2 protein chains.
Amino acid sequence: MAGRNLVGLEVDALDLGAVFRALADEHRRSVMTELAADRSDSERGCNSFDLPISKQTQTHHFRVLREAGLIDEIDYGNRKGIRLRRADIEKRFPGLLTLLGSESPGGTAPR
Amino acid sequence: MAGRNLVGLEVDALDLGAVFRALADEHRRSVMTELAADRSDSERGCNSFDLPISKQTQTHHFRVLREAGLIDEIDYGNRKGIRLRRADIEKRFPGLLTLLGSESPGGTAPR
DNA sequence: CTTCAGGTACGATGCAAGTCATACCTGAAG
DNA sequence: CTTCAGGTATGACTTGCATCGTACCTGAAG
């Protein structure tokens with residue numbers, strides 16, 4: 001079984017500074033906005049976000065998001081899954097995910 | 001004629017990225033946390049925050065907060081006043097100020 | 001006038017962070 | 001086996017940013 005061996009921090013250990021630093025980047029914020037917009041919280045692939053950056057940089061960004069406690073990365077060996085930690089985020093920082101939607105009035109519309 | 005000639009942007013022009021970048025810094029976040037904790041929204045002096053940095057750096061930080069649309073700076077010539085734009089922030093980014101209290105000492109005390 | 005405190009402008013510096021090139025690893029499909 | 005796509009590790013580069021030193025401005029008090 002491919003367990004979530006790449007999980008982030010504990011819920012209580014989530015740092016607001018790290019969260020703001022993670023969301024300060026445009027690409028990471030677009031990823032989080034997309035994830036927050038999908039209420040089904042389905043697991044997504046890394047390349048399903050269509051980021052205009054190299055794959056090494058994508059690896060870097062996903063790691064930052066994971067270390068900030070915002071997502072979980074599920075390692076399948078030659079593939080990777082991304083899942084939003086919606087429950088943990090809402091528990092620790094209620095309203096944060098709603099805040100991300102403020103930038104895309106109308107839905108998922110990255111400029 | 002102590003007008004607020006150093007006001008920030010319009011409410012609709014507030015950018016979420018600029019806000020997150022502004023709140024990513026520890027010193028700026030502490031200022032915002034203090035301002036958000038004071039429900040009277042009274043005008044405060046720049047040196048009332050007791051920041052462990054030089055005054056030039058303080059000028060820089062307050063400017064970033066103003067350009068992000070989070071505060072207004074009232075210029076008195078040889079003095080300066082700081083005021084939180086609570087109404088505008090709550091209108092554009094509801095829940096953001098509450099979020100800042102998540103790490104405030106005395107507000108939402110963890111454990 | 002001079003002095004002084006609060007604040008700003010400009011420049012320089014040091015460090016963190018975003019980005020990519022190269023090389024390597026992993027698992028699936030021929 | 002080989003090939004290939006997805007992902008990572010390492011290193012280097014470059015930009016952004018927080019910080020401070022020096023100099024200057026502003027208004028109030030001697």
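On a predicted model such as this, the values are computed, not experimentally measured, just so you know. Proteins come first, then strands; the chains are lettered A, B, ... in the order of their sequence lines, and each starts at number 1.
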Exercise for the section: Using whole Å, report how far CG of B:Asp75 lies from P of C:dT8. Expected result: 7 Å
Exercise for the section: State plainly whether one hydrophobic cluster holds both A:Leu23 and A:Leu51, where clusters connect Ile, Leu, Val, Met, Phe, Trp and Tyr through side-chain heavy atoms under 4.5 angstrom apart. Expected result: yes
Practice task
For A:Glu67 and C:dA17, give me the distance from atom CD to atom P, rounded to whole Å.
Solution key: 10 Å
Practice task
Respond yes when some side-chain nitrogen or oxygen of A:Arg63 is under 4.0 Å from OP1 or OP2 of D:dG7, and no when none is.
Solution key: no
Practice task
Nearest whole angstrom, please: distance from the C1' of C:dT8 to the CG of B:Asn47.
Solution key: 15 Å
Practice task
Would you kindly give the CD-to-C1' distance between A:Gln58 and C:dT19, to the nearest whole Å?
Solution key: 12 Å
Fill in the blank from the handout: A correct 5'-to-3' footprint of nucleotides 17-23 of chain D, with B, S and - meaning base, sugar-phosphate only and no protein heavy atom under 4.0 Å, is -SBBBB-
Fill in the blank from the handout: Rounded to whole Å, OH of A:Tyr76 lies from P of D:dG6 at a distance of 16 Å
Problem - side-chain N/O A:Lys80 vs D:dT8 OP1/OP2, d < 4.0 Å - result: yes
Practice task
Round to the nearest Å and state the distance from A:Asn78 atom CG to C:dG27 atom P.
Solution key: 7 Å
Problem - Distance under 6.0 Å and angle within 45° of ring axis: B:Arg44 vs B:Phe49 - result: yes
Exercise for the section: Could you tell me whether B:Lys80 and B:Asp75 have a side-chain N and a carboxylate O separated by less than 4.0 Å? Expected result: no
Handout entry: Check: A:Arg85 side chain, A:Leu70 main-chain N or O, donor-acceptor pair, under 3.5 Å
Key = no
Problem - Trace of the side-chain contact (heavy atoms from CB on, under 4.5 Å) decision for A:Arg28 with A:Val64 - result: CA-CA 9 Å; A:Arg28 290 194 293 261; A:Val64 173; 3.7 Å; yes
Exercise for the section: Answer yes or no: does a side-chain N or O of A:Thr59 lie under 4.0 Å from OP1 or OP2 of D:dT8? Expected result: yes
Handout entry: d(CG, B:Leu51; C1', C:dG7) in whole Å
Key = 15 Å
Handout entry: Other residues, nucleotides, ligands: >12 heavy atoms within 6.0 Å of B:Glu26 CD
Key = no
Handout entry: Dot-bracket notation for DNA chain C, counting Watson-Crick and G-U pairs under 3.5 Å, with | for partners on another strand
Key = ||||||||||||||||||||||||||||||
Exercise for the section: Would you please say whether a donor-acceptor pair under 3.5 Å links the side chains of B:Thr33 and B:Ser30? Expected result: no
Handout entry: Rounded interatomic separation in angstrom, taking CZ from B:Phe49 and C1' from C:dG6
Key = 15 Å
Exercise for the section: Answer yes if B:Ile53 and B:Leu65 sit in the same cluster of Ile, Leu, Val, Met, Phe, Trp and Tyr residues linked by side chain heavy atoms under 4.5 Å apart, and no otherwise. Expected result: yes
Practice task
Could you check B:Leu100 against A:Phe20 for side-chain contact (heavy atoms from CB on, under 4.5 Å), going step by step and ending with a plain yes or no?
Solution key: CA-CA 11 Å; B:Leu100 283 170; A:Phe20 280 143; 4.1 Å; yes
